[in-house]
There are 2 protein chains.
Amino acid sequence: MESAEQERDVDGLMGQFHDYLGKKQLKSTKQRDVIARKFFATDGHLSIEELLALARAENPRIGYATVYRTLKLLTECGLAAQRRFGEGQAMYETAGDTEHHDHLICIECDHVLEFTNDEIERLQEQVARSFGFDLVRHKLELYGMCPKARGIKGGSCPREEAEARD
Amino acid sequence: MESAEQERDVDGLMGQFHDYLGKKQLKSTKQRDVIARKFFATDGHLSIEELLALARAENPRIGYATVYRTLKLLTECGLAAQRRFGEGQAMYETAGDTEHHDHLICIECDHVLEFTNDEIERLQEQVARSFGFDLVRHKLELYGMCPKARGIKGGSCPREEAEARD
DNA sequence: ATTTTTGCAAAATGTTTGCAGATAC
DNA sequence: GTATCTGCAAACATTTTGCAAAAAT
C-alpha cells in the first residue's frame, strides 16, 4: 500500500488536452487553458468553486459555466475524474498521469489520503468475475479517524500537518 | 463472497424506529409510519421520489418534505443508509437488520448487486491501520459489465432477470 | 394545553442551458 | 467568414426551511 504522490507534468497534460480538443474539432481558448493549467497544477481534490477562484486569480472574468464546461471536457478525455465524497458539491482530481488510487478519509478533520493496494484490487477482480462481471472500474473509500482525531499522544492529524505547511 | 439477500422483519424494524422516536421525544405519526413501513418492506434501493410514490399510494396527501425528514430520521438511527451511485439523486437502502455489504453495478443495465467479502474487509482494516487510522466505515463499489451486456451466449442480464420477475 | 409535525410554497444548493456578443480557426 | 466559445442570467433538479394549520402526547 504505497502512498501515491508524485510530480505532475503539467505541460504534458496540457498537450494531451489540446490533442483531445483538436481531435474533436473544439477550440483552444484562453479560459480553457487557464482552467486546465490551474487544475493540473493542483494536487489533491478541487471543487468547482475552488478551481473558479484559482482561474479568476488569473482572469477575473471567467464564469462558473466555463469551469463546469471545461471540467466536463477534461473528464471526457480522462484527464480529470469526478469524486463525490460526502454530501454537497462534486470534487475533481487529476487523472491520466496518475495511477489509479483509492481514498482514506478522516471523518473528523476531512483530510483525504490516497493509497493503492494490489491485493484488494485482485480480490475485487475475483468478486466481479464470480458474478460473471467484467470489472471496468471501482470506487473504494475508507472512512475513519486519523491518529490525532483519536487523541493518541504524539499522533498527528493529516489536515493539521497540511495546514502547517501552508 | 455471499450474495446478501434475506427476509426482512418489518415489524421489528418499525419497533426499532419507534424506540428511537421515543428516546428522542419525537412523535410517532401516521405519515412517518407509512413511509417507514414502505421503506422497510422494499428490497434494494429507493429514491425519495419512489418512496414518496409508495407512501402516496396509501396516503396521497403526504409531501416531499415529510419523506425527506423521515428518511433523515431513519438514517440518524441507523435504519437507513444513503448511497450516491452515479449522478442525480440519492438512493436509500435499509440498514440495521442487514449485514454490511458492498455493491456491484452493471454500467450497461444499471442493475445493482450486493456482495460481501471478508478478505477485502480485512485488508481494508489493514490499510487503515497502516496509516494510523481507526476504520469506521467504507464504501466499495465495483462497476463492470454483466454477462449479458458483454454479449456472452447464454449470459443473462441481472436487470432483465429482475424485470422478468415483476 | 403544549409541543411536535405536516404540507405547502419559497429558499437554498449545485449544475446545466439558451443566447447575444466575442473569439478561435 | 464560419463555427465554436464565453459570460451572464435564467432554468433546472434536488434538498432544506419557514410557517400556519393539524395532530400527537
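Lettering follows sequence order; numbering is per chain, from 1.
- Under a 3.5 Å cut-off, the side chain of T70(A) and the backbone N or O of T66(A) do form a donor-acceptor pair.
- Evaluation of the side-chain contact (heavy atoms from CB on, under 4.5 Å) rule for R129(B) yields E125(B) as partners, not counting sequence neighbours.
- Counting heavy-atom neighbours within 6.0 Å of E119(A) CD, excluding the residue itself, gives a total above 12.
- Taking the side-chain contact (heavy atoms from CB on, under 4.5 Å) definition, one finds that R37(A) meets it with V10(A), D11(A), M14(A), sequence neighbours left out.
- Summarising the geometry, the separation between CG on L52(A) and P on dT13(C) is reported as 17 Å, rounded to the nearest angstrom.
- With sequence neighbours left out, the side-chain contact (heavy atoms from CB on, under 4.5 Å) criterion links K38(A) to V34(A), L51(A), L54(A), E58(A).
- Nearest nucleotide to the I48(A) side chain, out of dT15(C), dC25(C), dT16(D): dT15(C).
- Distance D33(A) CG to dT23(C) P: 15 Å, rounded to the nearest Å.
- Applying the salt bridge (Lys or Arg N to Asp or Glu O under 4.0 Å) rule to E50(A) yields no partners; only residues at least two apart in sequence or on another chain are considered.
- Axis angle, first five pairs versus last five pairs of the helix from dA1(C)-dT25(D) to dC25(C)-dG1(D): 30°, rounded to 10°.
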What N/O pairs connect the protein and nucleotides 6-9 of chain D at under 3.5 Å? Give each pair on its own line.
unit_1 : atom_1 : unit_2 : atom_2 : d
dT6(D) : OP1    : T29(A) : OG1    : 2.6
dT6(D) : O3'    : Q31(A) : NE2    : 2.8
dG7(D) : OP1    : Q31(A) : NE2    : 3.3
dG7(D) : OP1    : R61(A) : O      : 3.0
dG7(D) : OP2    : G63(A) : N      : 3.4
dG7(D) : OP2    : T66(A) : OG1    : 2.8
dG7(D) : O5'    : R61(A) : O      : 3.2
dG7(D) : N7     : R69(A) : NH2    : 2.9
dG7(D) : O6     : R69(A) : NH2    : 3.1

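- We find that NZ of K72(A) is positioned 9 Å from C1' of dT15(C), with the value rounded to whole Å.
- Screening residues 14-39 of chain B for ring-ring contact (aromatic ring centres under 6.0 Å, His included), with sequence neighbours left out, gives no hits.
- Counting only residues at least two apart or on different chains, the ring-ring contact (aromatic ring centres under 6.0 Å, His included) pairs with a member in residues 45-65 of chain A are H45(A)-F85(A), H45(A)-H103(A).
- Relative to the side chain of K27(A), the nucleotides dT4(C), dT15(C), dA24(C) differ in distance, and dA24(C) lies closest.
- In terms of the side-chain contact (heavy atoms from CB on, under 4.5 Å) criterion, D19(B) has no residue partners (sequence neighbours excluded).
- Following rounding to the nearest Å, Y64(B) (OH) and dT14(D) (P) show an atom-to-atom distance of 8 Å.
- Atom CD in Q89(A) sits about 18 Å away from atom P in dA12(C), given to the nearest Å.
- Separating the CG atom of L26(B) from the C1' atom of dT3(C) is a distance of 11 Å, rounded to the nearest angstrom.
- Here dT4(D) presents its C1' atom at 19 Å from NZ of K23(A), a figure rounded to the nearest Å.
- Rounding to whole angstrom units, CG of residue L71(B) and C1' of dT16(D) are separated by 14 Å.
- Note on Y68(B): a side-chain N or O is less than 4.0 Å away from OP1 or OP2 of dT15(D).
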